[in-house]
Amino acid sequence: MQCTTSELRQSRGVIESYREFLPVSDSTPIVSLGEGNTTLIYCPQLSKRVGRGCEVFVKNEGVNPTGSFKDRGMTVAVSKAMERAASAIICASTGNTSASAAAYAARAGILCIVILPTGKIATGKLLQAFAYGAKMVAIDGNFDDALGIVRELGDSHEFVIVNSINPDRIAGQKTAAFEIVDVLGDAPDFHLLPVGNAGNITAYRAGYREYQAHQKSTKVPAMIGFQAAGAAPIYYNRIVEKPETIASAIRIGNPASWKQACAAIAESHGAIDFVSDQEILAAQSWLAKHEGIFVEPASAASIAGLFKCCDSNEAAYAFQNIPEASRIVCTVTGHGLKDPDAITQAMKELKPVAATVNDVRHAIGL
Ligand code: F0G
């Protein structure tokens, strides 16, 4: 069966879609799982919550092949690793990078080595890395320790680091900004996203700037990043030695792209802020119940942040005075099924009733 051009575009992945903006050539072997082209969903309930005729869109990165935004960067990083004839890739991870690296390494037929903080990886992500056949090493330490070890092991001919300190990762991830502009016709006014190692905010900044330079958009949005309260080094402007948060994906005390994140925020007249674990879980539940979008806790930091901007006098960015009819994009970075632990408690309260219509009617509350 013949595909139409637009159908082909949907499945061809970010390198084929944005080749001219990426560090690839005709001799780069492309390793892709059809990542990118994720949905930018208009959210009526969130828009109502903000008011002032504003439109809120959610960029749903959980629909990527391994369920997170990491796949955009990984297709480029692994393709470039293959171009360099690497036989293995290595990464430290809070979970999603390892799931993505493991999948793309499997696709490329090379080894993936993962160094991770023991006991701090969400169940779904850990399962993914094992399923894709990665070599897993758990350390008694946090993500920052793991990344330190990966840096020391170093980049070499046979061993390519695929954390976001690898510029190919950032290059791939900037395509999310391109897609947003391609759909909206211009950049939004505000862009909210979770911040952990600060690679993604760096990538969005690069993407928005590049599209503006190519006259594909007229502006760069105010970039507003949200860290978890117990892991907010950029907000407090100091390294957090023992970061803690339920949002394990962003449990990071010394982000690698710290300076770049500050530059993105300053240059775009944005802000950095933090949200509590309680706010994160409330936003995760709210988004699932009001907009039908189920995201992992770290991803809900952008939504919790939006609520803080709307409601709190202490927010680093107050939305009460933003121009009417502003366009706001919130990136949600990973799928809810990756990290089910916070939800399973509610499931345990589900007790079976007798298999009769009457008992079921009673259980429904009819
Ligand atoms: N959201 C999710 C779901 C993540 O997995 C991460 C980072 C972030 C947000 C933050 O993005 O680091 O670019 O600022 N996860 C990394 C990992 C650290 O190892 O999977 P960032």
Side-chain angles (χ1 to χ4, degrees), residues 38 59-64 66-74 77 90-103 112 114-117 120-122 124-126 128-129 134 142-147 150 161-166 169-170 172-174 176 191-207 223-228 231-235 243 245-262 264-265 272 275 280 283-284 294-305 330-339:
T38 56
K59 180 68 169 161
N60 189 10
E61 290 288 274
V63 301
N64 273 301
T66 75
S68 88
F69 70 101
K70 306 286 181 179
D71 295 341
R72 294 178 183 278
M74 211 53 77
I90 187 167
C91 65
S93 186
T94 57
N96 281 323
T97 296
S98 59
S100 183
C112 175
V114 174
I115 317 292
L116 41 82
K120 296 293 180 185
I121 308 295
K125 303 173 192 177
L126 201 55
Q128 284 181 290
N142 59 31
F143 170 83
D144 303 294
D145 302 321
L147 186 58
V150 166
I161 297 176
V162 295
N163 281 103
S164 58
I165 53 176
N166 177 339
R169 277 275 314 277
I170 304 291
Q173 282 174 212
K174 75 185 175 188
H191 192 122
L192 282 62
L193 76 170
V195 172
N197 213 22
N200 213 24
I201 193 168
T202 303
Y204 271 104
R205 173 206 190 195
M223 306 287 301
I224 309 177
F226 295 94
Q227 303 188 294
I234 302 179
Y235 179 82
T245 169
I246 191 148
S248 57
I250 52 171
R251 186 174 167 270
I252 294 176
N254 188 10
S257 299
W258 190 324
K259 277 204 195 96
Q260 294 89 322
C262 291
I265 290 157
I272 187 82
V275 282
I280 286 172
Q284 180 194 31
F294 179 35
V295 303
E296 66 167 286
S299 305
S302 60
I303 307 300
C330 299
T331 295
V332 292
T333 41
H335 202 285
L337 289 173
K338 281 173 167 282
D339 191 357

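Order of listing sets the numbers, starting from 1, for every ligand and every atom in it.
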Next item on the list: For Ala198 and ligand 1, answer yes if some heavy atom of the residue is under 4.0 Å from a ligand atom, otherwise no.
Entry: yes
Checklist line | Contact with ligand 1 for Lys125, non-hydrogen, under 4.0 angstrom | finding: no
Could you list the atoms of ligand 1 found under 4.0 angstrom from a heavy atom of [X]?
{"X": "Gly199", "value": "13 (O), 14 (O), 21 (P)"}
{"X": "Ser93", "value": "17 (C), 19 (O), 20 (O)"}
{"X": "Ile252", "value": "18 (C)"}
{"X": "Asn197", "value": "12 (O), 14 (O), 21 (P)"}
{"X": "Asn96", "value": "2 (C), 3 (C), 4 (C), 5 (O), 20 (O)"}
{"X": "Lys70", "value": "5 (O), 6 (C), 7 (C), 15 (N), 16 (C), 17 (C), 18 (C), 20 (O)"}
{"X": "Ile250", "value": "8 (C), 9 (C), 10 (C)"}
{"X": "Asn200", "value": "13 (O), 21 (P)"}

So, regarding [X] and ligand 1 (criterion: nitrogen or oxygen to nitrogen or oxygen, under 3.5 Å), is there a contact or not?
{"X": "Phe69", "result": "no"}
{"X": "Ser299", "result": "no"}
{"X": "Pro194", "result": "no"}

Next item on the list: Kindly say whether Thr331 contributes a backbone atom to a donor-acceptor pair with the side chain of Ser302 at under 3.5 angstrom?
Entry: yes
Atom [atom1] in [X], atom [atom2] in [Y]: separation rounded to 0.5 Å?
{"X": "Met74", "Y": "Ser100", "atom1": "CE", "atom2": "OG", "value": "4.0 Å"}
{"X": "Leu192", "Y": "Met223", "atom1": "CG", "atom2": "CE", "value": "9.0 Å"}
{"X": "Ile252", "Y": "Leu147", "atom1": "CD1", "atom2": "CG", "value": "8.5 Å"}

Notebook entry, point to check: Would you call the rings of His191 and Tyr204 parallel, tilted or perpendicular if under 30° counts as parallel and over 60° as perpendicular?
Noted result: tilted
Notebook entry, point to check: What's the shortest heavy-atom distance between Ala249 and Ala298, and which atoms?
Noted result: CB-CB, 3.6 Å
